[in-house]
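Just so we're clear, the structure is a prediction, and the values are computed from it rather than from any experiment. Here, residue 1 is the first one in the sequence, and each next residue gets the next number.
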Amino acid sequence: MDNNKKNYSRRDFLKQLGMGVGSVVAMASMGPLYSLAEEKQKAYMVPGLKAGPGNMTYRINHHTQDKVSLLGYGMMRLPRKADRSIDQELVNAEVDYALAHGINYFDTAPAYGESEVATGIALKRHPRDSYYIATKMSNQRGDHTLEQGKQMYENSLKRLQTDYIDYYLLHSIGGGDGVGMLKERFIDNGLLAFLMKERDAGRIRNLGFSYHGDVKAFDWLLDRNDEFKFTFVQIEMNYIDWRHAKNGRKKDADAEYLYNKCEKSGVQCVVMEPLLGGRLARVPEEIAAQLKAVRPDATPASWAFRWVGTFPNILTALSGMTSMEVLKENVETFSPLDPCTESENVLMAKIADEMAGVPVIPCTACAYCMPCPYGVSIPENFSFYNDCVTEKTVPNDKSAPDYQQKLQAFKENYRKAIPEAGRAYQCVDCEECLAKCPQSIRIPTEMARLVEMIGIE
């Protein structure tokens, strides 16, 4: 990277892009959402296990007969103390509550900082047969040698304090140039062959992969599943991404395609981003009103979870639950899960069509792009913008009579929300973040749009 680029003129960058403030997303005209007859939906809901309060819903792993909680615990965003270190005591308490209320699937990865260590400490305090651990081969960065991969795998076992892994994933396939990078990371170096041998030896019970990016890599693996024998695939799926993931969001495939291909391949799905980075827990007021008219006491988040859980080929849906309050609410939604009716699915399809027109940035706050070498707080900038879109406070209509008032409020709120060192105008378009983003967001471009609105102050 050329450090001289820090002196690159922001105005020159904006001029070079030649971009306006807003983005236009076409509204798609779609038919009703995929749905199942109600009696068939309920047939896939396995009653709660013998212990613990509540009645958590489970799904059966078709290959191992594991009873897996339909609500899985995503361990990427763990609670932290004031000094930003992981609050292990709180992690332990939340894991204890989760297990006591039927959650038995815990998802982590080496790429999530110290998550594997914290997860291992919390789970080690419980019987090994009371939970399933999922972790990943996060070799996206650095060299892609077999030796590096083996070391990462062995480190995961040590950090998790276990001698076997229940669900092991090739992490984030589809990045880079798609199939070429897939082969470099897992095929040509013999790493996938090694992991398959570990599966044969019993140290990996289920082998799968998580998908972002180029759908050709997704297809390449599943088209060869007679050889690889993956039992599960982790995909991003929610009622927006079902048919609108490609609608202006730089996605190669809608969730509808991914889900259906997995089902046809005999591979079950683990769902990530059922709330679309939290966006579906904070829907616009007019959307919330439509949902409340049908179920007055249900939260928008519970609607999104119920929608995902209705699909029978979903093994578990992951939620990053950093507070006990969120954990308890989600447990209640899944204990037991009440599947969406066909009329509710039609409503969700209508809402998805409406929301697909909102010009949000598809950031899920995974923070893979961080740290920025110039200090830009990338996820925080995008979160601020997306919240403003939801609240309809983005100043994108210069002809509106309240434009100047709206613009000034936007600037003031931005300055309060984002510390100066992390603001968008610190971006110099170095492009170091681009290869790291699993959502393929053109981060410098989006930062430029923000700067156009807030100026350089």
Gln88 side chain to Ala118 backbone, donor-acceptor under 3.5 Å = yes

task = Check step by step if side-chain contact (heavy atoms from CB on, under 4.5 Å) holds for Arg128 and Ile133.
result = CA-CA 10 Å; Arg128 183 62 180 88; Ile133 295 176; 4.0 Å; yes

ask   = Are side-chain heavy atoms of Ile103 and Met56 found at a separation under 4.5 Å?
value = yes

inquiry  = I need the full list of side-chain hydrogen bond (donor to acceptor under 3.5 Å, both in side chains) pairs touching residues 314-323, with sequence neighbours left out, sorted by first then second residue.
reply    = Ser319-Asn330

query = Hey, what do you get for CD (Glu354) to CD1 (Ile287), rounding to the nearest 0.5 Å?
reply = 4.0 Å

request  = Take Asn104 and Ser130, measure what side-chain contact (heavy atoms from CB on, under 4.5 Å) needs, and give me the verdict at the end.
outcome  = CA-CA 7 Å; Asn104 63 10; Ser130 66; over 6 Å; no

message = Which residues pass the salt bridge (Lys or Arg N to Asp or Glu O under 4.0 Å) test with Asp87, not counting sequence neighbours?
response = none

message = Could you report the tightest heavy-atom contact between Ile235 and Cys269, atom names first, then the distance?
response = CD1-SG, 4.0 Å

query = So, for Asn139 and Met152, which heavy atoms are closest and what is the spacing to 0.1 Å?
reply = N-SD, 3.9 Å

All side chain to side chain contact (heavy atoms under 4.5 Å, CB included) counterparts of Cys388, not counting sequence neighbours = Phe384, Thr393, Val394, Phe410

inquiry  = Is it true that, when you exclude Glu332 itself, more than 12 heavy atoms of the residues, nucleotides or ligands shown sit nearer than 6.0 Å to its CD?
reply    = no

query = Ignoring hydrogens and geometry, is there a side-chain-to-backbone donor-acceptor pair from Arg125 to Ala122 under 3.5 Å?
reply = yes

key: Cys366 vs Met76 side-chain heavy atoms within contact, under 4.5 Å   = yes

message = I'd like to know whether the aromatic ring centres of Tyr168 and Tyr153 sit less than 6.0 Å apart in this structure.
response = yes

query = When you measure from the side chain of Thr57 to the backbone N and O of Pro336, does any donor-acceptor pair fall under 3.5 Å?
reply = no

remark   = Arg205 meets the salt bridge (Lys or Arg N to Asp or Glu O under 4.0 Å) criterion, sequence neighbours left out, with Asp66, Asp166

request  = Report the residue from Val117, Thr119, Ile121 that forms a side-chain contact (heavy atoms from CB on, under 4.5 Å) with Arg159.
outcome  = Val117

inquiry  = Could you check, using the six-membered ring where one of them is a Trp, whether Tyr211 and Phe218 have ring centers closer than 6.0 angstrom?
reply    = yes

ask   = Could you walk me through whether Phe106 and Tyr132 pass the ring-ring contact (aromatic ring centres under 6.0 Å, His included) check?
value = CA-CA 6 Å; Phe106 296 84; Tyr132 303 114; 9.6 Å; no

task = Would you name the heavy atoms of His212 and Pro438 that are closest together and state the gap between them?
result = CB-O, 3.2 Å

request  = May I ask you to decide if Val267's main-chain N or O and Ser265's side chain share a donor-acceptor pair within less than 3.5 Å?
outcome  = no

query = At their closest point, which heavy atom of Pro312 faces which heavy atom of Arg59, and how far apart are they?
reply = O-NH1, 3.6 Å

message = Can you list everything that forms a side-chain hydrogen bond (donor to acceptor under 3.5 Å, both in side chains) with Gln148? Sequence neighbours excluded, please.
response = none

request  = May I ask you to check whether Ser302 and Glu329 show a side-chain donor-acceptor distance below 3.5 Å?
outcome  = no

task = State, to 0.1 Å, how close Tyr105 and Ser69 come at their nearest heavy-atom pair, and which atoms those are.
result = N-OG, 3.7 Å

ask   = Can you tell me how far CG of Leu123 sits from CG of Leu160, rounded to the nearest 0.5 angstrom?
value = 8.0 Å

key: Side-chain heavy-atom pair Asn238, Leu275 within 4.5 angstrom cut-off   = no

Partner residues of Glu325 under the side-chain hydrogen bond (donor to acceptor under 3.5 Å, both in side chains) criterion, sequence neighbours left out = none

ask   = Taking the six-membered ring where the residue is Trp, are the ring centres of Tyr257 and Trp242 under 6.0 Å apart?
value = no

task = Find the distance between CD (Glu446) and CD1 (Ile361) and round it off to the nearest 0.5 Å.
result = 4.0 Å

ask   = Taking only residues two or more places apart in sequence, or in another chain, which ones meet Glu154 in a salt bridge (Lys or Arg N to Asp or Glu O under 4.0 Å)?
value = Arg203

ask   = With Tyr73, which of Leu318, Leu327, Thr108 fulfils side-chain contact (heavy atoms from CB on, under 4.5 Å)?
value = Leu327

request  = Please report the C-alpha distance between Asp254 and His244 in whole Å, then the side-chain angles of each, then the deciding distance to 0.1 Å, and finally whether the side-chain contact (heavy atoms from CB on, under 4.5 Å) criterion is met.
outcome  = CA-CA 6 Å; Asp254 290 327; His244 294 288; 5.5 Å; no

task = Quick one: which residue pairs count as a salt bridge (charged side-chain N to carboxylate O under 4.0 Å, His left out) with a foot in residues 286-312, not counting sequence neighbours?
result = Glu286-Lys392, Arg295-Asp338, Arg295-Glu344, Arg306-Glu344

Arg243/Asp353 salt bridge by N-O under 4.0 Å criterion = no

request  = Please name all residues satisfying side-chain hydrogen bond (donor to acceptor under 3.5 Å, both in side chains) with Thr231, sequence neighbours left out, ordered by chain then number.
outcome  = Asn206

remark   = The salt bridge (Lys or Arg N to Asp or Glu O under 4.0 Å) partners of Lys436 (sequence neighbours excluded) come to Glu432

request  = Starting from the C-alpha separation in whole Å, work towards a yes-or-no answer on side-chain contact (heavy atoms from CB on, under 4.5 Å) for Phe186 and Met137.
outcome  = CA-CA 9 Å; Phe186 299 112; Met137 177 55 64; 3.6 Å; yes

inquiry  = Please check: side-chain N/O of Asn313 versus main-chain N/O of Asn260, any donor-acceptor pairing under 3.5 Å?
reply    = no

message = Testing Ile378, Ile441, Leu434 one by one against Cys369 for a side-chain contact (heavy atoms from CB on, under 4.5 Å), which residue passes?
response = Ile378

task = Verify the neighbour count for atom CD of Glu391: are there more than 12 heavy atoms of other residues, nucleotides or ligands below 6.0 Å?
result = yes

task = Any chance you could measure Ser156, atom OG, to Glu116, atom CD, to the nearest 0.5 Å?
result = 3.5 Å

query = Which residues satisfy the side-chain hydrogen bond (donor to acceptor under 3.5 Å, both in side chains) test with Gln268, sequence neighbours excluded?
reply = His62

request  = Please confirm whether the backbone N or O of Val331 pairs with a side-chain atom of Ser335, one donor and one acceptor, at under 3.5 Å?
outcome  = yes

key: Which atom of Val376 lies closest to which atom of Cys427, heavy atoms considered   = CG2-N, 3.4 Å

query = When rounded to the nearest 0.5 angstrom, what distance separates NE2 in His171 from OG in Ser138?
reply = 4.5 Å

Separation between CD of Glu263 and CD1 of Ile314, rounded to the nearest 0.5 Å = 9.0 Å

note = Contacts satisfying ring pair (Phe, Tyr, Trp, His ring centres under 6.0 Å) that involve residues 318-353 (not counting sequence neighbours) are Phe305-Phe334

task = List the steps, then state whether ring-ring contact (aromatic ring centres under 6.0 Å, His included) holds for Phe228 with Phe209.
result = CA-CA 11 Å; Phe228 301 135; Phe209 62 88; 9.2 Å; no

